[in-house]
Amino acid sequence: SSKKPFYVSTDEKDPAFLGELRAAGCILFEDLGLDLEKEIRAYYAKLGNPQWQSLHPKALEFAMESTIVKTSKNSYTMGCSSFYYETMSFRNLMGLAPVKLYRATQGEFVDVDPNAPPRTVECLEKSVS
């Protein structure tokens, strides 16, 4: 059977690491084939004002990625951030599976109580230590 694609949202820039993700079947934002700058230019040209642009491609990319991560069947993270907590809250409200948190000290993904206040969640169990 073939592997299901796995979307990875990352700010990683190392081409070797990104190559490893792709080789493992992961899909990155760049792989979606979207040219957001071109889309934004076309949108404003259609409005009749191509010089004035209030949409920024990186802001649109973030909005698209956050929607993918927040609404996917499952979500996993390597670290805690404001985006992690926002995603946890959204998924909890929508009745979606909680985010799985990777604890490097244990080398596994674990469930995190979606109702736990952020300060009680052991972010990565200080896994970078």
Side-chain angles (χ1 to χ4, degrees):
S1 74
S2 63
K3 292 181 185 178
K4 291 185 178 182
F6 192 89
Y7 184 83
V8 175
S9 175
T10 181
D11 58 0
E12 180 64 56
K13 301 292 184 227
D14 178 14
F17 181 74
L18 297 175
E20 288 181 37
L21 290 176
R22 287 183 173 107
C26 297
I27 298 170
L28 306 173
F29 188 81
E30 296 79 21
D31 302 328
L32 298 178
L34 302 171
D35 184 343
L36 297 179
E37 288 186 35
K38 180 181 174 183
E39 294 291 331
I40 290 170
R41 282 192 306 272
Y43 172 74
Y44 283 104
K46 186 177 178 180
L47 291 178
N49 193 355
Q51 284 74 36
W52 189 80
Q53 296 181 12
S54 63
L55 290 175
H56 191 281
K58 286 296 183 186
L60 188 55
E61 178 181 332
F62 176 76
M64 293 173 74
E65 280 204 305
S66 66
T67 300
I68 292 169
V69 171
K70 289 178 183 178
T71 61
S72 63
K73 180 177 179 182
N74 293 299
S75 184
Y76 304 87
T77 186
M78 297 281 293
C80 292
S81 64
S82 58
F83 180 71
Y84 164 79
Y85 293 120
E86 182 181 320
T87 300
M88 283 282 286
S89 295
F90 178 87
R91 293 179 67 80
N92 188 36
L93 288 170
M94 299 306 291
L96 299 170
V99 174
K100 300 266 188 188
L101 179 66
Y102 186 77
R103 294 189 183 187
T105 56
Q106 296 173 353
E108 64 185 3
F109 282 98
V110 295
D111 288 317
V112 178
D113 180 0
N115 297 308
R119 288 193 175 93
T120 66
V121 175
E122 293 180 29
C123 281
L124 291 177
E125 195 182 79
K126 306 275 190 239
S127 64
V128 287
S129 59

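Taken from OH in Tyr7 to CD1 in Ile68, the straight-line distance is 4.5 Å, to the nearest 0.5 Å. Summarising the geometry, atom CG belonging to Leu96 is positioned 12.0 Å from atom NZ belonging to Lys70; distances are rounded to the nearest 0.5 Å. Taken to the nearest 0.5 Å, the CZ atom of Arg41 stands 6.5 Å off from the CG atom of Asp35. Between the CE atom of Met94 and the OG1 atom of Thr71 there is a distance of 9.0 Å, given to the nearest 0.5 Å. For the atom pair CG of Leu34 and CE of Met64, the computed distance is 4.5 Å after rounding to the nearest 0.5 Å. Rounding to the nearest 0.5 Å places CG of Leu55 at 6.5 Å from CG of Leu60.
Leu36 and Pro57 make their closest contact through CD1-O, 3.5 Å (heavy atoms, listed as atom of the first residue, atom of the second, distance). Shortest non-hydrogen contact noted between Lys73 and Ala97 is O-CB, 3.9 Å.
Under a 3.5 Å cut-off, the side chain of Arg91 and the backbone N or O of Glu86 do not form any donor-acceptor pair.
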Task: Audit row: Ile40, Tyr43, side-chain contact (heavy atoms from CB on, under 4.5 Å) steps and yes/no - done: CA-CA 5 Å; Ile40 290 170; Tyr43 172 74; 5.5 Å; no

Open item on the list: One pair to check against side-chain contact (heavy atoms from CB on, under 4.5 Å): Leu18 and Thr10. What are the steps and the verdict?
Closed with: CA-CA 9 Å; Leu18 297 175; Thr10 181; 4.2 Å; yes

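Side-chain contact between Phe90 and Ser66: absent, with no pair of heavy atoms (C-beta onward) separated by less than 4.5 Å.
Applying the salt bridge (Lys or Arg N to Asp or Glu O under 4.0 Å) test to pairs two or more places apart or on separate chains, those with a residue in residues 50-59 are Lys58-Glu61. Residue pairs meeting the salt bridge (Lys or Arg N to Asp or Glu O under 4.0 Å) criterion with at least one partner in residues 15-32, sequence neighbours excluded, are Arg22-Glu30, Arg22-Asp31.
Atom CD of Glu37 has 12 or fewer neighbouring heavy atoms from other residues, nucleotides or ligands inside a 6.0 Å radius.
Take Phe62 and apply the ring pair (Phe, Tyr, Trp, His ring centres under 6.0 Å) test, not counting sequence neighbours, and it matches Phe83.
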